[in-house]
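Just so it is clear, the structure is predicted and the values come from calculations on it, not from any experiment.
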Amino acid sequence: MLFEHLGQFVSDHKKAFVEQVVAQRTRYVTVVLENIYQSQNASAVVRTCECLGLQDLHIIEDTAQYHLNIRVLKGSYKWMNLMRYKAKEINNTEACFNHLRDQGYRILVADPAADGISIDDLDVHAGKMALVFGNELRGASGYVLQQADEKIRIPMFGFTESFNVS
């Protein structure tokens, strides 16, 4: 009802564009950010996820609080669901993982270690995926590395040790 009412103020072209974008949104893949402390990095991930059509993004804030960086976001956060896990006195990573598993996600952690599977070998048809990215300095926490269903690595061909989370 509200959409219909507001729709009278929007051109048919704009309505068609909104419907096209919404139809392409996915919850098959989601991203989890664990304790990202630089707002420009976390905000760049939000923007990338929105551009890729991901509907949900999970932000764990046990040791680092997420702050919007409006210059980087360019309004992208307005089109997504940002689920924030920042309760006091609990393991927010565990709470996030429990929520994701209840929703049928398998949890994959990005880690440059050689014992992870290459992203090239990832079975994307095996079900919904939650991709976890750790903090800029230490990477994923020990809890994430122990509790994830799989470790995945992105092959690198340069001299640098790891990708920037953004």
Side-chain angles (χ1 to χ4, degrees), residues 3 6 10 14-88 90-112 116 119 122 124 127-141 143-145 147-156 160-166:
F3 189 71
L6 295 175
V10 179
K14 186 59 81 175
K15 281 189 237 180
F17 178 66
V18 169
E19 289 172 4
Q20 175 190 357
V21 169
V22 170
Q24 294 173 353
R25 288 289 168 168
T26 187
R27 285 194 162 106
Y28 189 79
V29 176
T30 192
V31 166
V32 178
L33 300 178
E34 184 194 35
N35 296 314
I36 305 299
Y37 61 86
Q38 293 184 340
S39 68
Q40 69 269 20
N41 285 339
S43 294
V45 173
V46 171
R47 187 171 167 183
T48 298
C49 288
E50 197 283 324
C51 288
L52 292 172
L54 278 62
Q55 185 58 53
D56 304 320
L57 187 125
H58 303 263
I59 302 170
I60 298 167
E61 301 176 72
D62 277 322
T63 62
Q65 191 174 36
Y66 172 61
H67 298 283
L68 297 174
N69 187 320
I70 302 301
R71 289 191 339 256
V72 175
L73 286 165
K74 302 282 188 201
S76 57
Y77 68 99
K78 296 175 184 177
W79 305 104
M80 302 181 64
N81 299 328
L82 302 182
M83 272 73 101
R84 297 175 72 174
Y85 302 83
K86 57 183 181 174
K88 302 284 186 216
I90 70 163
N91 181 335
N92 287 296
T93 305
E94 180 180 20
C96 176
F97 281 18
N98 288 340
H99 172 77
L100 290 167
R101 286 197 170 106
D102 287 346
Q103 299 297 311
Y105 285 93
R106 61 190 167 125
I107 298 172
L108 312 172
V109 58
D111 186 75
I119 199 163
L122 180 63
V124 296
K128 297 186 337 185
M129 300 173 278
L131 305 172
V132 182
F133 298 95
N135 118 333
E136 296 93 332
L137 183 60
R138 295 175 302 281
S141 69
Y143 182 88
V144 168
L145 293 171
Q147 297 298 315
D149 297 311
E150 290 183 80
K151 285 200 288 188
I152 58 169
R153 62 182 163 73
I154 302 169
M156 298 181 0
T160 307
E161 286 184 12
S162 64
F163 285 100
N164 185 296
V165 70
S166 69

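- The side-chain heavy atoms of L57 and Y77, taken from C-beta on, include no pair separated by under 4.5 Å.
- Inter-residue side-chain proximity for P155 and I119 is flagged as met; some heavy-atom pair is nearer than 4.5 Å.
- Under the 4.5 Å side-chain criterion, counting only non-hydrogen atoms from C-beta, P112 is not in contact with M156.
- Atoms CE and OG1, from M80 and T30 in turn, are 7.0 Å apart once rounded to the nearest 0.5 Å.
- D56 and N81 form a side-chain donor-acceptor contact under 3.5 Å, judged by distance and modelled atom types alone.
- Atom CD of E136 sits about 10.5 Å away from atom OG of S162, to the nearest 0.5 Å.
- Considering only heavy atoms from C-beta on, R25 comes within 4.5 Å of E50 through its side chain.
- For the atom pair I60 CD1 and N135 CG, the distance stands at 11.5 Å (nearest 0.5 Å).
- For the pair V32/Y105, no side-chain contact is recorded, criterion being any heavy-atom separation below 4.5 Å from C-beta on.
- For the pairing with Y85, the side-chain hydrogen bond (donor to acceptor under 3.5 Å, both in side chains) check across E94, E34, H58 returns one residue only, H58.
- Going from atom CD of Q147 over to atom OG1 of T93 covers 10.5 Å, rounded to the nearest 0.5 Å.
- Residues V144 and F97 have side chains in contact (heavy-atom distance under 4.5 Å, counting atoms from C-beta outward).
- Residues I36 and V45 fail the side-chain proximity criterion, which asks for heavy atoms closer than 4.5 Å.
- In this structure, L108 CG and F133 CZ are separated by 9.5 Å, a value rounded to the nearest 0.5 Å.
- At a threshold of 4.5 Å between non-hydrogen side-chain atoms, the residues L33 and Y66 do not count as touching.
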